[in-house]
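To start, the structure under review is shown below, and the notes come after it.
All residue numbers in this chain count up from 1 along the given sequence.
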Amino acid sequence: MKKRLSILMLVVASFSFTACSLDDDDNTNFKYVNLEVLSADVPEAFEFGEKYTINVTYANPNTCTYFEGFDIHKHQLTEREVYPIGTELVGSNSDCQESTEEVEVSFDFEVIYKEDYLFKFWTGKNADGEDEYLEIVVPVN
């Protein structure tokens, strides 16, 4: 029994010496941010049952922001709000520079309803802090 206890204590002690700290000295972390849409390239019309690639150009705000994907909200049967999402590095060692880079990304979209689609691409907030959108209606044949 003493031998097992000694081995167990040795194992526990070895973990305490090799454990990693979750606190980094550089205090770097990240946050999710919406990326402002500059333009969107959608077809003039959709065919019911088909899949399409929709291209979106967004403004990259700084050198510490990286594209992660899209957040697409369905509010009505064929209304979609589209938000490009990025992760922005924050912290004491984040040396971010302002950027004017325009980045094109895309997502695939399948037409599953026969009604016209309304896409609302998020373009930022106005002076009153309200969301603004680039609205595009795409009819379905």
Verdict with supporting geometry, Phe121 and Ile54, side-chain contact (heavy atoms from CB on, under 4.5 Å): CA-CA 11 Å; Phe121 297 93; Ile54 296 178; 4.2 Å; yes

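For Glu81, the side-chain hydrogen bond (donor to acceptor under 3.5 Å, both in side chains) partners at least two apart in sequence or on another chain are His75, Tyr83, Tyr133. Remark: Tyr117 pairs with no residue by the side-chain hydrogen bond (donor to acceptor under 3.5 Å, both in side chains) rule, at least two apart or across chains. Checked against side-chain contact (heavy atoms from CB on, under 4.5 Å), Asp108 has the following partners two or more places apart in sequence or in another chain: Thr53. Residues forming a side-chain contact (heavy atoms from CB on, under 4.5 Å) with Lys114 (at least two apart in sequence, or on another chain): Phe48. Residues passing the side-chain contact (heavy atoms from CB on, under 4.5 Å) test with Ile72, sequence neighbours excluded: Phe70, Arg80, Val82, Phe107. Looking at residues two or more places apart in sequence or on another chain, you find no side-chain hydrogen bond (donor to acceptor under 3.5 Å, both in side chains) involving Thr78. Contacts of Gln76 classified as side-chain hydrogen bond (donor to acceptor under 3.5 Å, both in side chains), with partners at least two apart in sequence or in another chain: none. In terms of the side-chain contact (heavy atoms from CB on, under 4.5 Å) criterion, residue partners of Ser99 (sequence neighbours excluded) are, by chain and number, Asn60, Glu101.
Pairs passing the salt bridge (charged side-chain N to carboxylate O under 4.0 Å, His left out) check and including a residue from residues 131-141, sequence neighbours excluded, read Lys125-Asp131. The salt bridge (charged side-chain N to carboxylate O under 4.0 Å, His left out) pairs that include a residue from residues 42-64 number zero, where partners must be two or more places apart or lie in different chains. The salt bridge (charged side-chain N to carboxylate O under 4.0 Å, His left out) contacts involving residues 67-79 comprise Glu79-Lys120, where partners must be two or more places apart or lie in separate chains.
For the atom pair CZ of Phe67 and OG1 of Thr87, the computed distance is 10.5 Å after rounding to the nearest 0.5 Å. To the nearest 0.5 Å, the span separating CD on Glu102 from CG on Leu38 amounts to 5.0 Å. Remark: Thr100 OG1 to Asn62 CG distance equals 12.0 Å, nearest 0.5 Å.
The six-membered or imidazole ring of Tyr66 lies away from that of Phe30, with a centre-to-centre distance of 6.0 Å or more.
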